[in-house]
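Read the structure below first, then the notes.
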There are 2 protein chains.
Amino acid sequence: MANDSVLMPFKDRDHAHQSCLEKALDQAVKNCESSGVRLTPLRRRVLELIWGSHMPVKAYDLLDQLRDEKIGSAPPTVYRSLDFLLEEGLIHKLQSLNAYVGCGEPLKHHTSQFLICRDCGEVAEMDDPDIQQVLSRKAESLGFQVLDKTIEIQGLCEKCIAG
Amino acid sequence: MANDSVLMPFKDRDHAHQSCLEKALDQAVKNCESSGVRLTPLRRRVLELIWGSHMPVKAYDLLDQLRDEKIGSAPPTVYRSLDFLLEEGLIHKLQSLNAYVGCGEPLKHHTSQFLICRDCGEVAEMDDPDIQQVLSRKAESLGFQVLDKTIEIQGLCEKCIAG
DNA sequence: AATGTAATGTTATAATATAACAAATTTATC
DNA sequence: GATAAATTTGTTATATTATAACATTACATT
């Protein structure tokens, strides 16, 4: 029962987060090299902090952590890094939470749909062709040209339902 | 070419906004009567201001207008009214804009998908069964229980494409 | 090294939203 | 109708999220 459209699933107990994080940073380095942009230490650290878990992270929480580490001192520092990472497709912003998560497939151009668990806070990312298609088809039938989509489903993940 | 799933279409030049607004207020009165809640003058006025156009309205713009009219003086006034109207399903919040629009079908329980024109700013509301179904089915297949959905499509409406 | 560009620092402020408590208004009960 | 209870609104203060504007530093190119 493979499910290609899930870019970032909800995590099991045995999720090997260290390697998961390393892979994310690896991909970020690759992405930036091929784009000819600079993944500076600051930007890299912000990405690393966002990837600290699979929870959405708030800008000012990042700022607090950076301040503790004596790097990045004020809001613009963080927001500029976030803007950079968003533009490079390395992270996503969740509009319904004003928070940020790492992108599950940074090397692949895609749009996303997010599942947000209201109990544990974890976020899963998918890019489902059926969802994309039905939305595109509908928009098109109304003469609407789609430029971007915000799709965030709030609810309860399997683990939390199981209790 | 009826399209039942469109609760609030993009508007033509000949859109009769006065009657549109009156209908919205009428429905709000009905809704509140049947729910046994109070559509106070303040709440009614906020709803009216939101229905002033089919553009999303910002909380602090509402506040400015209320101040001009010497009713409602501080942010909590506005936010409380907005919370009330949201709870009653008389308005919706657009998460990607931090702004509010009137609900196209307040008397009918529904979820919504929004089309937001980046050129003219107008918003259309739909509740399309195909979209709902594909999202629900997908969530379900992942063991996810849906509680709420945020679906906002940004792009260009037909009028703006035509120029 | 000199120069231009990109990135970061710094200060200030804008924009969005809520907490906490007081006063007024409405509703329910006597 | 007077009183008590509940709801709504007022008021002050503050929290949270984000950007503007300009200075400084780091890096890249010549």
Side-chain angles (χ1 to χ4, degrees), chain A residues 28-29 31-33 35-50 55-88 90-101 121 150 152, chain B residues 28-29 31-33 35-50 55-88 90-101 121 150 152:
Chain A
V29 170
N31 173 87
C32 291
E33 275 169 2
S35 302
V37 295
R38 290 166 52 205
L39 188 64
T40 63
L42 174 65
R43 290 165 172 174
R44 188 192 156 89
R45 185 65 186 133
V46 170
L47 181 60
E48 215 166 55
L49 290 172
I50 291 173
M55 305 293 205
V57 180
K58 309 230 109 196
Y60 275 73
D61 290 342
L62 290 170
L63 181 55
D64 288 345
Q65 295 190 259
L66 292 178
R67 278 177 165 152
D68 287 351
E69 300 173 11
K70 315 288 179 199
I71 43 175
S73 49
T77 312
V78 168
Y79 282 103
R80 282 190 292 229
S81 291
L82 290 172
D83 286 346
F84 171 84
L85 297 168
L86 286 167
E87 285 208 352
E88 290 304 310
L90 297 170
I91 62 172
H92 298 293
K93 177 172 185 181
L94 299 173
Q95 300 289 355
S96 61
L97 299 178
N98 294 320
Y100 304 83
V101 287
T150 301
E152 300 173 16
Chain B
V29 170
N31 173 88
C32 290
E33 274 170 3
S35 302
V37 296
R38 290 164 52 203
L39 188 64
T40 63
L42 175 65
R43 290 164 173 176
R44 188 192 155 89
R45 185 65 187 134
V46 170
L47 181 61
E48 215 166 56
L49 289 172
I50 290 173
M55 305 293 207
V57 180
K58 310 230 109 196
Y60 275 73
D61 289 342
L62 291 170
L63 181 56
D64 288 345
Q65 295 189 259
L66 292 178
R67 278 178 165 152
D68 287 350
E69 300 173 12
K70 315 289 179 197
I71 44 175
S73 49
T77 312
V78 168
Y79 281 102
R80 282 190 292 228
S81 292
L82 289 171
D83 287 346
F84 171 85
L85 297 169
L86 285 167
E87 285 208 351
E88 290 304 310
L90 297 171
I91 62 172
H92 299 294
K93 176 172 185 182
L94 298 172
Q95 300 289 355
S96 61
L97 299 178
N98 294 320
Y100 305 82
V101 287
T150 300
E152 300 173 15

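Just so it is clear: chains get the letters A, B, ... in the order the sequence lines come, proteins before strands, and each one is counted from 1.
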Please test I50(B) against L82(B) for side-chain contact (heavy atoms from CB on, under 4.5 Å), starting from the C-alpha separation and ending with a verdict. CA-CA 10 Å; I50(B) 290 173; L82(B) 289 171; 3.7 Å; yes
Should K58(A) be listed as having a side-chain N or O under 4.0 Å from OP1 or OP2 of dT16(D)? no
Counting only side-chain heavy atoms from C-beta out, which of dT19(D), dT18(C), dT8(C) sits nearest to P76(A)? dT19(D)
Does F84(B) or L82(A) map to a spot on DNA chain D nearer the 5' end, using the closest nucleotide for each? F84(B)
Is the backbone N or O of L97(B) less than 3.5 Å from a side-chain atom of K58(B), with the two atoms forming a donor-acceptor pair by type? yes
On the side chain of Y60(B), is there an atom forming a donor-acceptor pair with the base of dA14(C) - under 3.5 Å, no angle test? no
Rounded to whole Å, the CZ-P distance (R80(A) to dT10(C)) equals 11 Å
Classify R38(A) by what it touches in the nucleic acid, base, sugar-phosphate, or nothing, heavy-atom distance under 4.0 Å. sugar-phosphate
Can R43(B) and E88(B) be counted as an ion pair, charged N to O under 4.0 angstrom? no
Any base atoms under 4.0 Å from Y100(A), or only sugar-phosphate, or nothing? Heavy atoms, all strands. sugar-phosphate
For V78(A) and V46(A): C-alpha separation, side-chain torsions, deciding distance, then whether side-chain contact (heavy atoms from CB on, under 4.5 Å) applies. CA-CA 8 Å; V78(A) 168; V46(A) 170; 5.5 Å; no
Over how many whole Å does the gap from L97(A) atom CG to dT16(C) atom C1' extend? 16 Å
To the nearest Å, how far apart are E88(A) CD and dA7(C) P? 10 Å
According to a strict under-4.0 Å criterion, is N98(B) in side-chain N/O contact with OP1 or OP2 of dA17(C)? yes
Nearest to the side chain of L42(A), which nucleotide is it out of dA17(C), dT8(C), dT11(D)? dT8(C)
Please report the C-alpha distance between S96(B) and E152(B) in whole Å, then the side-chain angles of each, then the deciding distance to 0.1 Å, and finally whether the side chain to side chain donor-acceptor pair (under 3.5 Å) criterion is met. CA-CA 7 Å; S96(B) 61; E152(B) 300 173 15; 2.5 Å; yes
Options dG10(D), dT17(D), dG9(C), nucleotide nearest the side-chain atoms of T77(A): dG9(C)
Using a cut-off of less than 4.0 Å, is there contact between a side-chain N or O of K93(A) and OP1 or OP2 of dT17(D)? no
Value in whole Å for how far the P atom of dT9(D) lies from CG of D83(B): 12 Å
Rounded to whole Å, how long is the line connecting atom CZ of R45(A) with atom P of dT8(C)? 15 Å
Reckon R43(A) has a side-chain N or O less than 4.0 Å from the OP1 or OP2 of dT8(C)? yes
Separation of dT16(D) atom C1' from L62(A) atom CG, nearest Å, is 14 Å
Rounded to whole angstroms, how far apart are CG on L39(A) and P on dC27(D)? 14 Å
Scan L47(A), L42(A), L39(A) and name whichever one has a side chain to side chain contact (heavy atoms under 4.5 Å, CB included) with F84(A). L39(A)
What nucleotide, of dT11(D), dA18(D), dA17(C), holds the atom closest to the side chain of S73(B)? dT11(D)
With a cut-off of less than 4.0 Å, is there a side-chain N or O of T40(B) near OP1 or OP2 of dT8(D)? no
Output the rounded distance in Å from CG (L63(B)) to P (dT12(D)). 14 Å
Whether Y79(B) contacts dT18(C) is assessed here as follows: a side-chain N or O lying under 4.0 Å from the phosphate OP1 or OP2. Is that the case? no
